[in-house]
Each structure stands twice: as C-alpha cells, then as structure tokens.
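Naming: A, B, ... by sequence-line order, numbering from 1 per chain. Owing to the predicted nature of the structure, the values given are computational and were not obtained by experimental measurement.
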Amino acid sequence: MPDQAEDKEAKWDTLVHSGVLFPPEYTSHGVQMLYDSKPVDLTLEQEEMATAMAVMTGTQYLERQQFLDNFWADWKKVLGPKHAIRDLKKCDFTPIYEWHMAERERKKALPKEEKDTMKKEKEEAEAKFKHALVDDRKEQVGNFRVEPPGLFRGRGDHPKMGKFKRRIYPRDITINIGKGVAVPEHPYPGQKWKEVRHDNTVTWLAFWKDPISAKDYKYVWLAANSTFKSDSDLAKYEKARKLKDYIGGIRKAYEKDWESADMRTRQMAVALYFIDKLALRAGHEKDEDEADTVGCCTLKVENVEVLEDNHIKFDFLGKDSIRYENEVAVHPKVHSLVRQFCKTTKDNKIKKPDMDLFDTMDATDLNKRLKDLMDGLSVKVFRTYNASVTLDALLHKESTTSTVDEKKAEYDRANKEVAILCNHQRSVPKGHTGQMQKMEAKLLEHQQQLDALERELTAARKGKAFEGAKARPVDSLERQIEKKRDALKKLELNAKVKEDLKTVALGTSKINYLDPRITVAWCKLHEVPIEKIFNKSLLSKFHWSMDIEPEWRF
DNA sequence: AAGTCGACTTAGCACCTTTACA
DNA sequence: TGTAAAGGTGCTAAGTCGACTT
C-alpha cells in the first residue's frame with residue numbers, strides 16, 4: 001500500500017489531528033429482565049445487547065419480524081446453547097427500559113451546577129478532537145466520535161435491521177495523518193490502530209469497516225465549513241452552471257436518439273429525459289442484502305404506468321425508501337417508447353412487471369455517455385442544476401411583496417417548489433392534526449371577534465348603542481378592525497403553510513442542492529438579512545458565497 | 001465487460017435548545 | 001413564566017461515481 005499515490009492530486013501538505021473519540025465502555029446496570037415472567041441472569045455482553053433491544057421500546061421496529069429475527073439470531077449466539085432464554089417471545093425487556101427512562105429523568109433533574117460541571121467536563125474531553133490542522137489552517141472536524149454499539153436501524157424493508165452493530169476498537173480503525181507528526185493516542189493499552197497512513201490524496205482523517213455491511217466504510221471527515229468541503233461545494237455548483245451552456249445541445253441530442261434504430265440508444269435517451277425533466281437519481285444496482293429501492297436506471301416495469309393523453313405515472317421507492325409518486329405529461333415520443341419498453345425485452349420476449357424498464361443499459365453506461373456530452377458530466381449534476389436553476393428563476397419572477405416577512409415567505413415558496421421537485425419528504429410531525437385543529441379554533445375565534453367589531457362599527461356610525469353599551473369611537477374601531485384583519489390573514493397564511501409543508505422537507509435542498517450564491521445575491525438585491533434564510537451552520541458552511549454581487553445569476 | 005473498492009455527497013430522523021405565545 | 005412548537009444539531013444510513021481489479 002503506497003503512502004502516496006503519485007498520479008493523484010495532492011489535497012494537503014501537512015495534516016495534524018487527534019484521531020477519534022471512543023464511546024465509553026459498557027457498564028452493567030444490573031437490572032434484570034424477565035423471561036417467562038421470571039428474572040434472569042445475564043453476562044455483561046448479554047446484558048449490553050438486551051439493553052440495546054430494551055431502548056427500542058416504543059418504536060415501530062418492534063413490530064417488524066425481520067428486526068426481531070435478526071436481533072434474536074445475534075443475541076442467541078451470545079447467550080449460548082445452554083442459556084435459559086430460548087425464545088424471544090417470552091422475553092420482557094420492560095424492567096431495563098424502565099431503568100433507562102428513569103436514568104434519563106434522573107439526569108434531567110440533576111441540579112444545574114452539576115449539569116454544568118458535567119457539560120464542562122464533556123467539552124474538555126472533546127476539545128482536542130474538534131479541530132485539525134491542515135496546511136497550518138485550523139479546521140473543524142465533523143464526526144470525530146466513533147459510532148457506539150447498538151441495533152442497526154435500517155430504513156424501509158432493510159434485510160439487516162435489528163442486527164447488533166458491534167463495538168469499534170482502535171484495531172478496527174485506520175488513521176490518516178501527516179508524515180512526521182504525532183500519531184493520535186487511544187484509550188486501549190496494548191492495542192494498535194489497524195493502520196496509520198499518510199495519504200495526501202484523500203481528505204479523510206480516519207475510517208473503519210462498517211460492521212453491518214462488510215463492503216461499506218465509515219469515515220471521519222472535516223466539517224462542512226472546512227476548505228476541503230467548501231472547495232468541492234463550489235466546484236459542484238460551477239459544474240452545474242456549466243451544464244447551462246450544454247443543456248440545449250444535450251436535449252437536442254437525446255430527442256434525436258429517441259428515433260434511433262438501436263434499442264440501447266433509445267433507452268439511454270429516455271432515461272436521460274427523465275433525469276433532465278424530473279431530477280431523478282441515477283439508480284445503481286443494489287445487492288440482495290440492502291433495501292429494495294430504485295432510481296431512474298433501475299426502474300421496474302411495475303414502477304411506471306402508461307396513461308392516456310401522453311401521461312405517465314411513476315410510483316417507486318427511492319433513496320431511504322421514500323416513495324416517489326408522480327403523474328406527468330411527457331413528450332408523445334417518450335410516451336410511446338415507454339409503452340414499448342414496458343412490453344418487450346431487447347430480444348422481444350414479454351417483460352414481466354418486476355423486470356427492468358431499461359434492460360439494455362445501467363447508470364454506469366449512462367454516466368459514460370454523459371462524458372461525451374460534457375466534460376465531467378454525471379447524472380447527479382442534473383439534480384443540482386435543476387434545483388438551482390429553478391430557485392434562480394422563481395426568485396427573479398415579478399414580485400409585489402414589500403415587507404421582509406413577505407419576501408421570506410416568497411423565498412420559502414420557491415424553496416418548497418425545489419423540495420417537491422427533488423422529492424424531499426419528511427414524516428408528518430407528531431401532533432400535526434391536533435395543532436391544525438387548534439389553529440382552526442383560533443381562526444374561528446378571530447373571525448367572530450372581527451364580526452363583532454364590524455357590527456359595533458356599524459352601530460357607532462349610526463350613533464347607536466352596541467350590545468347595551470355606548471359604541472366605541474369610529475376611528476378607534478376602524479383601527480382595531482384593520483389590526484384584526486391583518487392578524488386573521490397572518491393566521492390563515494400560517495395554517496395554510498403548515499398544512500402544505502407537513503410532508504415537505506425544505507432543509508435538504510438548502511443544504512445540498514441550491515447554490516448559496518443565488519440566495520445571497522437575492523438577499524442583497526431585496527434587502528433581506530441573510531440570517532433570515534441561513535441559520536448559523538448554513539452561514540458557516542456557505543461562508544465562501546457571502547461576497548457575491550447582488551446582480552449575480554446562477 | 002463486469003464486479004469490487006474507496007471516497008465522497010446526500011438523506012431523514014431523534015433529540016436538544018431556543019423561541020413564541022398564553 | 002411555564003409550556004408547546006419551531007428550529008437547530010448530531011447522527012448515521014444510503015446514495016453517487018470514478019478507479020481499480022479480474
């Protein structure tokens with residue numbers, strides 16, 4: 001293993017850091033769980049796993065057979081063949097769960113001084129891990145903590161959910177650090193790091209193999225505001241901007257390819273059309289031991305429905321098993337091509353619902369093809385391009401708003417359009433329905449108050465009494481009515497926004513897809529303080545974009 | 001050509017902190 | 001001034017994609 005690849009570009013000259021922070025070793029709480037309603041003895045290792053299961057109480061995972069089976073398979077190995085516990089169904093983890101909750105409460109109820117002392121001690125212990133020196137620049141480290149053991153919480157129908165994710169030790173971890181500087185210490189005497197490298201062609205500080213999936217790695221990187229990350233962020237957006245100059249030609253090229261005699265060329269051209277129009281992900285092949293999700297190139301016949309009137313309906317589980325459901329009008333040629341791709345394979349056999357829609361190509365092929373169209377182009381660039389171009393266009397539409405709050409609402413609406421385009425979802429917040437009902441009730445109350453004020457105003461104008469008393473002066477009532485109307489309008493808007501956004505996540509596009517220069521320029525142009533749009537961490541992540549001129553366009 | 005490796009970005013959620021409002 | 005909602009942060013899973021290996 002060479003310390004330094006000669007042909008790859010160097011990312012740093014010197015690199016100094018303190019390595020990683022290990023989670024505390026497991027200590028026994030000694031609380032006995034019940035088996036067949038009777039307390040049982042567990043070794044430290046057995047208890048650690050039982051506790052990992054106990055803390056899952058109340059989650060949906062416990063209703064998943066896969067989760068229970070995987071946990072049981074791992075725990076059984078640790079229990080051994082002669083243990084009294086032979087059946088997970090007879091296990092009652094409640095005592096451990098209750099201990100866990102009580103412990104939480106106890107910590108919460110600790111006197112303030114004690115909490116402050118603990119916080120201070122924690123910060124002192126962490127301090128040295130928080131920064132690295134890269135070419136003598138002090139940079140923040142992102143995730144310097146080693147992941148603690150626990151039960152694997154895979155998303156969607158993950159075949160490995162519930163497996164015990166084992167503890168990671170120094171012997172599992174490879175450190176990357178500058179030559180000739182102190183190798184980080186660790187708290188395990190007698191152990192050695194798996195490896196110490198001095199590879200300046202990469203930006204990671206440490207990695208270990210994912211204990212759940214042998215082919216995956218867990219890395220320790222610098223934080224989002226580091227030079228490594230901001231340089232590549234800028235490069236990402238500049239590449240997406242470059243696509244602007246090529247997109248016309250690319251569209252012409254794929255439209256022409258729809259007419260090709262070659263099936264593969266036609267499929268590539270339709271896939272690219274979807275990626276361009278709908279900002280779909282590439283969709284690489286997945287293994288059996290992962291959740292069954294798809295992207296554009298891995299769409300199955302059953303994921304698309306060819307409808308009347310040049311419409312197509314998509315319905316599939318994408319990244320994180322988030323459902324993508326969208327009915328769209330497509331070009332007539334695409335409509336007929338998709339109908340064809342659904343029907344027969346490349347060698348004219350009947351295609352079944354679970355077979356690939358694009359059976360002559362995959363994401364790697366498509367990415368290769370994209371390199372012919374533009375230097376460095378890949379599928380994901382279209383998503384960045386589409387998101388940023390959409391925001392830029394929406395923010396530069398004619399606007400009639402005047403206040404900062406209204407402008408912020410306008411920005412949020414544009415942000416929402418992008419989030420919907422990219423299918424960035426979130427689960428409905430807890431208590432949403434109740435909160436909506438509360439808002440409705442408040443709305444009604446305000447409406448009634450407004451009605452009463454208006455009746456009083458009518459009375460006042462006629463010099464009549466109102467509800468058995470002298471009506472208040474006209475000018476005062478008029479002011480109150482106007483105030484009430486504004487309040488009502490604001491409430492109505494809030495309620496509508498809340499309902500509209502209940503399943504839309506705005507943050508993901510802000511963090512990953514929207515060129516911050518669009519936002520910064522717009523804020524300057526419309527005199528909206530940037531802090532209204534970017535919070536502290538986004539301001540820091542996007543520090544590189546802050547001095548852009550107001551006239552700048554994506 | 002296909003499969004694997006390795007390094008990086010993108011993603012939603014849990015939990016904690018701050019803010020808004022009665 | 002207490003409570004609930006909103007907002008922020010940390011965590012880690014799940015993607016992408018080019019390079020390398022077979």
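For A:A505, whose side chain is taken as the heavy atoms from C-beta onward, the closest listed nucleotide among B:dG12, C:dA13, B:dC8 is B:dG12. Distance from the side chain of A:W221 is smallest to B:dT9 among C:dC17, B:dT9, C:dA13. Considering only side-chain atoms of A:F207, the nucleotide from B:dG12, B:dA7, C:dC17 that sits closest is B:dA7. Considering only the side chain of A:K380, B:dT10 comes nearest among B:dT10, B:dC15, B:dA7. Nearest to the side chain of A:Y513, among B:dG12, C:dC11, B:dT10, sits B:dT10. For A:K218, the listed nucleotide lying nearest its side chain is C:dT12; candidates were C:dT12, C:dG15, C:dT9.
Residue contacts for A:K442: at a heavy-atom cut-off of 4.0 Å it reaches the sugar-phosphate backbone alone, with no base atom in range. At a threshold of 4.0 angstrom between heavy atoms, the contacts of A:G507 with the nucleic acid are absent. Nucleic acid contact class of A:K430 (heavy atoms, under 4.0 Å, all strands): none. A:G318 comes within 4.0 angstrom of the backbone, heavy atoms only, and of no base. Within 4.0 Å (heavy atoms only), A:K368 reaches no atom of the nucleic acid at all. Residue-level contact check: A:E290 touches neither bases nor backbone, having no heavy atom under 4.0 Å from any strand. Residue A:G154 is in sugar-phosphate contact alone, with no base atom involved, counting any heavy-atom pair closer than 4.0 Å across all strands shown. Here A:K11 lies in heavy-atom contact (under 4.0 Å) with sugar-phosphate atoms only.
In this structure, A:H284 does not reach the C:dG15 phosphate: none of its side-chain N or O atoms is under 4.0 Å from OP1 or OP2. Side-chain nitrogen and oxygen atoms of A:T203 include at least one within less than 4.0 Å of the OP1 or OP2 phosphate oxygen of B:dC8. Put simply, A:R281 has a side-chain N or O that comes within less than 4.0 Å of OP1 or OP2 on B:dA11. Note on A:T364: every side-chain N or O is 4.0 Å or more away from OP1 and OP2 of B:dA2. The shortest distance between the side-chain N/O atoms of A:K236 and the OP1/OP2 oxygens of B:dT10 is below 4.0 Å. Residue A:H158 places at least one side-chain N or O closer than 4.0 Å to OP1 or OP2 of C:dA14. Phosphate proximity of B:dG12 to A:K319: absent, as no side-chain N or O sits under 4.0 Å from OP1 or OP2. Taking side-chain N and O atoms only, A:Q435 has a distance below 4.0 Å to OP1 or OP2 of C:dA6. Distances shorter than 4.0 Å separate none of the side-chain N or O atoms of A:T293 from OP1 or OP2 on C:dA14. Between A:T508 and the phosphate of B:dT10, there is no side-chain N or O to OP1/OP2 separation shorter than 4.0 Å. Using a 4.0 Å cut-off, no side-chain N or O of A:N535 falls inside it from OP1 or OP2 of C:dG7. Within the structure, a side-chain polar atom (N or O) of A:R383 is placed less than 4.0 Å from OP1 or OP2 of B:dA11.
The CG-P distance, from A:D210 to C:dT12, rounds to 11 Å in whole Å. Atom-to-atom, CD of A:E126 to P of C:dG10 comes out at 10 Å; the value is rounded to the nearest Å. Whole-Å rounding puts the A:D216 CG to B:dC5 P distance at 11 Å. One atom, CG of A:L539, and another, C1' of C:dT9, lie 15 Å apart when rounded to the nearest Å. For the pair A:E499 CD and C:dA5 P, the computed distance is 15 Å after rounding to whole Å. Rounding to whole angstrom units, CG of residue A:N423 and P of C:dG15 are separated by 13 Å. A:K536 places its NZ atom 12 Å from the C1' atom of C:dG7, with the value rounded to the nearest Å. Rounded to an integer number of Å, the gap from A:R153 CZ to B:dA11 P is 22 Å.
Between A:K215 and A:S427, it is A:K215 whose nearest contact on DNA chain B lies nearer the 5' terminus. Comparing A:S537 and A:N367 along DNA chain C, the residue whose closest nucleotide (by nearest heavy atom) sits nearer the 5' end is A:S537. Heavy-atom distances to DNA chain C give each of A:L151 and A:M439 a nearest nucleotide, and the one nearer the 5′ end belongs to A:M439. Along DNA chain B, the nucleotide nearest to A:Y219 and the one nearest to A:D287 differ in position, and the one closer to the 5' end is contacted by A:D287.
Between the CD1 atom in A:I533 and the NZ atom in A:K407 there is a gap of 11.5 Å [rounded to 0.5 Å].
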Start with the C-alpha gap between A:R153 and A:Y61, add the side-chain angles, then the distance that decides, and say whether side-chain hydrogen bond (donor to acceptor under 3.5 Å, both in side chains) holds. CA-CA 8 Å; A:R153 299 155 99 115; A:Y61 283 108; 5.0 Å; no
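The aromatic ring centres of A:H17 and A:F144 sit 6.0 Å or more apart.
With A:E103 as reference, A:K107 is the one residue of A:K107, A:M101, A:H100 to meet the side chain to side chain contact (heavy atoms under 4.5 Å, CB included) rule.
Within 6.0 Å of NZ on A:K532 lie no more than 12 heavy atoms contributed by other residues, nucleotides or ligands.
A donor-acceptor contact closer than 3.5 angstrom links the side chains of A:S540 and A:N225. With 3.5 Å as the limit, one finds a donor-acceptor pair spanning the side chains of A:Y26 and A:T51.
A:E499 and A:K502 are joined by a salt bridge, as a carboxylate oxygen and a charged side-chain nitrogen come within less than 4.0 angstrom of each other.
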